[in-house]
Amino acid sequence: MSRKAFPKQFIPLYQGKSLFELTVERLLGLGDLLAISGDDYRFFVQEISEKLGVELTQILEPCGKDTAPAMGLAAAFSGANDDLLLFCPADHFIPDAEQFRAMVESAVDLASEGWIVTFGVQPSGPSTAYGYIETGEVIRTNASKSVRFHEKPDAQTAMEFLSSGKFLWNSGIFLIKRATLLEALKEFEPTIYEKCKSAMESAEQDGTFWRPGSDFAEATKKSIDYAVMERASNIAVVPFTGVWSDVGSWDSMFALSKLDKDNCGKLGVVENICTVNSQNTLVHASDRRFVLTIGTRDLVIIDTPDALMVSALDQVEQVKKAVAELDTAGRGEILEHRRVARPWGSYDSVDHSDRFQVKRITVKPGARLSLQKHNHRSEHWIVVKGTALVTRDDEKFLLGENESTYIPLGAVHRMENPEKIPLELIEVQSGSYLGEDDIERFDDEYGRKTQKI
């Protein structure tokens with residue numbers, strides 16, 4: 001489900017909403033919103049903020065450097081005041097937003113006094129999937145000092161942690177004064193501090209996006225746990241109240257699913273799922289086909305348009321190993337789904353061979369593709385829903401439903417949706433090379449660089 005071009009933060013996993021969307025909703029009312037993301041995901045973030053009607057600023061990391069430099073960028077961006085910063089990973093599931101906000105508010109005084117506040121989750125079992133925080137001296141009623149951060153343990157150690165009553169799961173959520181974070185980075189990771197500071201001083205604004213300067217590439221790649229949390233003496237742990245999951249695997253999704261009398265869970269397009277005499281089985285179905293299980297036990301079955309996974313429930317953590325093997329084998333499925341999201345909409349690769357490819361293209365209302373040409377393929381467009389405004393060399397014309405046009409090889413062209421409903425069309429490509437990098441762009445409102453081969 002999660003691919004490099006479409007990671008789990010943006011997958012509509014829960015009641016048609018993505019984890020990122022749920023995170024934004026949970027933070028409403030706590031202050032201004034700032035997202036730290038990669039350039040490839042900026043339009044996913046923007047689309048969700050527009051859907052929710054929320055003002056959200058983005059800092060676009062030119063490269064991934066883990067959480068310490070990402071947090072350093074946010075601190076350097078916040079200005080010369082002592083605002084509190086709440087850092088929230090965008091892939092957590094926390095259903096009670098009101099309770100979450102109350103928990104954060106209860107820690108404001110601590111953070112304002114200079115404590116680095118982290119929120120620890122009471123373990124519900126001896127999990128090996130999470131890092132742990134060992135708690136020590138009580139600071140006040142709702143907070144203790146951190147003794148040590150622990151990496152994900154083995155099963156025996158996890159049981160020992162659980163039995164002691166002194167260990168909490170590390171949620172990775174932090175509340176910290178801007179100046180406190182900068183001071184900690186300056187003390188423990190001076191390279192990260194300097195490079196983030198100079199990168200934001202030379203940052204360029206692009207609408208609601210901020211692009212840090214080139215110095216960011218020289219920042220040390222390190223998590224905030226290693227960089228600060230395991231070394232600072234002013235770490236306060238506040239118990240996390242309510243339900244929490246980082247949705248790291250399908251067994252965690254199983255725990256969040258609504259189960260039937262046979263302990264079976266259904267996700268995705270649930271009307272495409274039927275379980276007969278099955279027990280303790282989780283099934284995800286897409287809108288492409290029907291999934292039937294008969295007599296299954298302790299299984300996870302995840303069906304998508306281009307890939308099917310069947311796993312023993314107690315082995316789903318091995319998906320990371322499987323993905324590594326697929327990467328070594330050069331399988332494209334780890335990069336993209338058959339349906340690929342774009343800032344203007346999406347396309348679905350319906351069929352292909354060595355000389356042709358068929359796509360179903362959806363263009364959002366008011367959106368348009370770049371003005372471009374292809375050097376190795378021609379295209380036929382057939383509108384099946386809505387109206388398309390087509391540019392082809394010196395021509396500009398409308399296409400309605402059940403109308404088509406031809407884009408010759410080398411023609412400069414563009415497709416636009418002038419209507420208030422989505423535009424859907426079938427595109428048939430033919431030529432000697434059909435790769436996505438056969439695009440020479442002349443004008444693009446999304447700031448994408450031209451590709452030419």
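All values below come from the heavy atoms of this structure, side chains included, with hydrogens, waters and symmetry mates left out. If you're wondering where the values come from, they're calculated on a predicted model, not measured in any experiment.
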Please report, to 0.1 Å, the donor-acceptor pairs under 3.5 Å made by any side chain of residues 140-147, with sequence neighbours excluded.
{"residue": "R140", "atom": "NH2", "partner": "E113", "partner atom": "OE1", "Å": "2.9"}
{"residue": "R140", "atom": "NH2", "partner": "E113", "partner atom": "OE2", "Å": "3.2"}

Open item on the list: For the backbone of R288 and the side chain of S286, can you confirm whether one donor and one acceptor N or O come within less than 3.5 Å of each other?
Closed with: yes
- [ ] Begin with the C-alpha distance, continue with both residues' side-chain angles, and end with the deciding distance and a verdict on salt bridge (Lys or Arg N to Asp or Glu O under 4.0 Å) for K186 and E194.
- [x] CA-CA 8 Å; K186 188 175 182 179; E194 293 293 343; over 6 Å; no
Task: Side-chain donor or acceptor of T191 paired with backbone N/O of T220 under 3.5 Å - done: no
Open item on the list: When you compare the side chains of N272 and D287, does any donor N or O come within less than 3.5 Å of an acceptor on the partner?
Closed with: no
Open item on the list: Could you work out, with side-chain contact (heavy atoms from CB on, under 4.5 Å) as the rule, every residue matching E183, not counting sequence neighbours?
Closed with: A179
TODO: Evaluate the criterion side chain to side chain contact (heavy atoms under 4.5 Å, CB included) for residue pair S112 and V108; output intermediate values, then yes/no.
DONE: CA-CA 6 Å; S112 299; V108 165; 3.9 Å; yes
- [ ] Tell me whether the guanidinium CZ or amine NZ of K195 lies under 6.0 angstrom from the six-membered ring centre of F216 and within 45° of its axis.
- [x] no
- [ ] Take L86 and V104 through the test side chain to side chain contact (heavy atoms under 4.5 Å, CB included) and record every step on the way to the result.
- [x] CA-CA 8 Å; L86 176 67; V104 172; 4.0 Å; yes
Task: T157 and D154 side chains, donor-acceptor separation under 3.5 Å - done: yes
Task: F77/W210 aromatic ring centres below 6.0 Å - done: yes
Open item on the list: Using 0.5 Å steps for rounding, measure from the CD1 atom of I192 to the CD atom of E218.
Closed with: 13.0 Å
- [ ] Would you check if there is a donor-acceptor pair between the side chains of S349 and R338 at a distance under 3.5 Å?
- [x] no
- [ ] Quick one: pull up CD in E55 and OG in S49 and give me the separation to the nearest 0.5 Å.
- [x] 9.5 Å
Open item on the list: Quick check against the 3.5 Å criterion: does D438 have a side-chain atom that pairs as donor or acceptor with the backbone of H376?
Closed with: yes
Task: Atom of I173, atom of P89 and distance for their closest heavy-atom approach - done: CG1-CD, 3.9 Å
Task: Residues forming a side chain to side chain donor-acceptor pair (under 3.5 Å) with Y226, sequence neighbours excluded - done: E151
Task: Any donor-acceptor pair under 3.5 Å from H413 side chain to Q372 backbone - done: yes
Task: Point-to-point distance, once rounded to the nearest 0.5 Å, from CZ of F240 to CD1 of I133 - done: 11.5 Å
Task: Inter- and intrachain pairs under ring-ring contact (aromatic ring centres under 6.0 Å, His included), touching residues 83-103, at least two apart - done: Y14-F93, H92-W244
Open item on the list: Would you say S346 and D348 are linked by a side-chain donor-acceptor pair, where the criterion is simply a distance under 3.5 Å?
Closed with: no
Open item on the list: I'd like to know if the side chain of E317 pairs up with that of Q315 as donor and acceptor (distance under 3.5 Å, no hydrogens or angles considered).
Closed with: no
Task: Derivation and outcome, salt bridge (Lys or Arg N to Asp or Glu O under 4.0 Å), residues R3 and D306 - done: CA-CA 12 Å; R3 314 286 174 95; D306 67 339; 2.9 Å; yes
- [ ] Name all residues meeting the salt bridge (charged side-chain N to carboxylate O under 4.0 Å, His left out) criterion together with R231; count only those two or more places apart in sequence or in a different chain, and write none if there are none.
- [x] E189
Open item on the list: Going by side chain to side chain donor-acceptor pair (under 3.5 Å), name the residues that satisfy it together with W169, two or more places apart in sequence or in a different chain.
Closed with: Y132
Open item on the list: side chain to side chain contact (heavy atoms under 4.5 Å, CB included) for L60 and S37? Distances and angles first, verdict last.
Closed with: CA-CA 5 Å; L60 304 178; S37 71; 3.6 Å; yes
Task: Parallel, tilted or perpendicular, as decided by the 30° and 60° cut-offs, for the rings of F20 and F10 - done: tilted
Open item on the list: Taking the ring of F119 and the ring of F174, is the distance between their centroids below 6.0 Å?
Closed with: no
